[in-house]
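To start, the structure itself, in structure tokens.
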Number of protein chains: 2
Amino acid sequence: MLHEDVVGRIRAILLDGEIPPGARIPERELCERLQISRTPLREALKVLAAEGLVQLLPHRGSRAAKLTDKDMRDLFEVCQGLEALAGELACERITDAEIDAIAAVHANMVRHYRERDLIQYYRGNRAIHEAIVAAAGNPVLAGLYTSVTARIRRARYVTPMTPERWAVAVQEHDAILNALQRRDGVGLAHILRAHLRHKREEVLQAGFAETERTDLVPRIA
Amino acid sequence: MLHEDVVGRIRAILLDGEIPPGARIPERELCERLQISRTPLREALKVLAAEGLVQLLPHRGSRAAKLTDKDMRDLFEVCQGLEALAGELACERITDAEIDAIAAVHANMVRHYRERDLIQYYRGNRAIHEAIVAAAGNPVLAGLYTSVTARIRRARYVTPMTPERWAVAVQEHDAILNALQRRDGVGLAHILRAHLRHKREEVLQAGFAETERTDLVPRIA
DNA sequence: ACCGACAATTTTGCATTCAAAAATGTAGAA
DNA sequence: TTCTACATTTTTGAATGCAAAATTGTCGGT
């Protein structure tokens with residue numbers, strides 16, 4: 001197995017929550033499962049630690065990183081900035097065909113909304129955001145976006161929405177598509193930021209952060 | 001030596017250009033120099049590869065990454081986005097004391113400009129940009145900024161400037177400080193973007209990219 | 001002399017091994 | 001019984017060893 005594949009496999013395990021945030025990462029088990037020895041596994045863990053998905057504690061092994069409220073806020077904030085930038089660049093560079101493709105995904109997503117199929121709705125939703133970033137034609141930006149969004153993926157695409165919030169989100173997506181079609185970069189950036197700000201507020205309100213707050217858990221006695 | 005230190009040492013060696021872009025990274029030599037074995041060295045190289053400073057070629061070792069014109073453009077583009085975001089956030093969160101500190105560095109930098117001391121000018125320049133990012137109070141943003149700017153540091157802070165361009169850059173910095181003092185986030189974001197766009201144009205014009213363009217080098221005969 | 005095939009050497013990537021550190025378990029004293 | 005000191009076990013972090021791959025060097029054919 002290639003180094004990048006090892007990193008990818010472990011990343012997937014972490015993102016799927018198979019090793020939940022805060023849990024210790026069992027080196028020996030993962031070695032058996034991936035059929036590799038500790039050397040390449042540990043190389044991968046250090047890479048993932050640099051990405052922020054793994055927390056390394058010297059002489060105490062590694063844990064799946066846990067996000068505090070502050071982390072979540074910071075990540076969303078950066079994500080807003082990256083998507084806004086992507087939106088502006090995309091409007092300069094996107095082709096008509098790419099816009100049409102996004103419009104199709106959008107229409108499909110709206111259908112899923114009408115059917116109240118949250119899973120499928122989120123799938124389309126994510127595809128649209130990623131397509132906009134891809135259309136920006138900037139691999140550096142795309143790379144940062146991937147690593148930042150990976151860390152908030154679960155919060156962003158799992159949180160249930162109130163009917164009101166969901167309706168607003170769909171409206172925002174109409175506006176996003178509209179700005180794209182008009183190639184209104186500034187407008188698109190604006191909408192994307194608001195869209196993500198709303199999502200962030202929702203996520204934080206839902207208390208989706210992963211802190212255990214052991215300091216608030218009273219000891220027995 | 002701690003893992004993070006190993007990464008830092010090698011990063012420094014690469015950023016100093018001691019191993020120039022495109023050159024092979026001599027594993028055995030580095031091991032001796034850092035007094036470590038190949039295992040921790042290779043862990044560090046994988047981390048640096050994930051950062052974009054090192055290029056790994058399967059079964060062919062690692063090289064110091066080389067930036068093409070496109071890479072340079074992309075990195076500057078992202079840097080613009082990050083600094084603009086940092087500027088907006090900084091205006092919301094910066095304290096009066098922090099602004100005063102930046103104003104002091106600014107005054108000093110202007111003095112170095114009058115003395116035509118490019119080295120010292122760049123030092124202050126960089127300190128100001130970093131202080132703005134720090135004032136944004138977002139460690140995630142700061143982290144991305146660090147890794148993106150590391151890759152363009154040499155291009156950004158070594159390129160000589162024409163007297164005209166230098167004068168304009170100083171004016172832009174006046175405007176940056178002014179926007180900060182007025183806590184005009186939108187304005188600051190605007191100026192920072194323009195400032196970096198100009199720098200990027202300058203760098204690209206100077207042909208600072210690190211591509212060898214072997215395809216353009218005519219063979220003998 | 002020049003090119004290509006084959007052998008020798010080097011380098012890479014990973015498994016294994018080993019010492020040090022941390023975690024765990026145990027026994028004895030209060 | 002409960003706490004602490006000590007021994008045992010486990011886990012971590014790094015060095016070494018080994019097989020596979022790539023590079024280099026050599027030789028024979030043209």
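Numbers restart at 1 for each chain; the letters A, B, ... are given by sequence-line order, proteins then strands.
In this structure, B:Leu41 places its CG atom 17 Å from P of D:dG13, rounding to the nearest Å. One can place NE2 of A:His3 at 19 Å from C1' of D:dA20, the figure rounded to the nearest angstrom. The separation between B:Arg63 atom CZ and C:dT12 atom P is 10 Å, rounded to whole Å. If you measure from atom CG of A:Leu57 to atom C1' of C:dA21, you get 14 Å, rounded to the nearest angstrom. Put simply, CD on A:Glu27 is 15 Å from C1' on C:dA23, counting in whole angstrom units. Atom CZ in B:Arg42 sits roughly 14 Å away from atom C1' in D:dA14 (whole-Å rounding). Between A:Arg28 atom CZ and D:dT12 atom P the separation is 8 Å, expressed in whole Å. The nearest whole Å value for the distance from the CD1 atom in B:Ile36 to the P atom in C:dA19 is 20 Å.
By the 4.5 Å heavy-atom criterion applied to side chains, B:Glu83 and B:His129 are counted as neighbours. Side chains of B:Arg63 and B:Leu57 form a contact here, defined as non-hydrogen atoms less than 4.5 Å apart.
When the nucleotides C:dA21, D:dT23, C:dG13 are ranked by their closest atom to the side chain of B:His59, C:dG13 comes out on top. Comparing D:dT12, C:dC14, C:dA15 against the side chain of A:Ser37 picks out C:dA15 as the nearest. Candidate nucleotides C:dT12, D:dT12, C:dA22 were compared by shortest atom distance to the side chain of B:Arg24, and C:dT12 ranks first.
Toward the 5′ end of DNA chain D lies the nearest nucleotide of B:Glu43, the other residue of the pair B:Arg38 and B:Glu43 mapping further downstream. Toward the 5' end of DNA chain C, the nearer of the two residues A:Leu2 and A:Arg60, judged by each one's closest nucleotide, is A:Leu2. Nearest-nucleotide mapping onto DNA chain C: of B:Lys46 and A:Pro58, the residue sitting toward the 5' end is B:Lys46.
The ring-ring contact (aromatic ring centres under 6.0 Å, His included) pairs that include a residue from residues 134-162 of chain A are A:Tyr122-A:Tyr157, where partners are two or more places apart or lie in different chains.
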- Message: Using side chain to side chain contact (heavy atoms under 4.5 Å, CB included), reason through A:Lys70 and A:Asp74 one step at a time and then give a plain yes or no.
- Response: CA-CA 6 Å; A:Lys70 175 67 161 66; A:Asp74 290 345; 2.7 Å; yes
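Remark: B:Glu18 CD to B:Ile10 CD1 distance equals 11.5 Å, nearest 0.5 Å.
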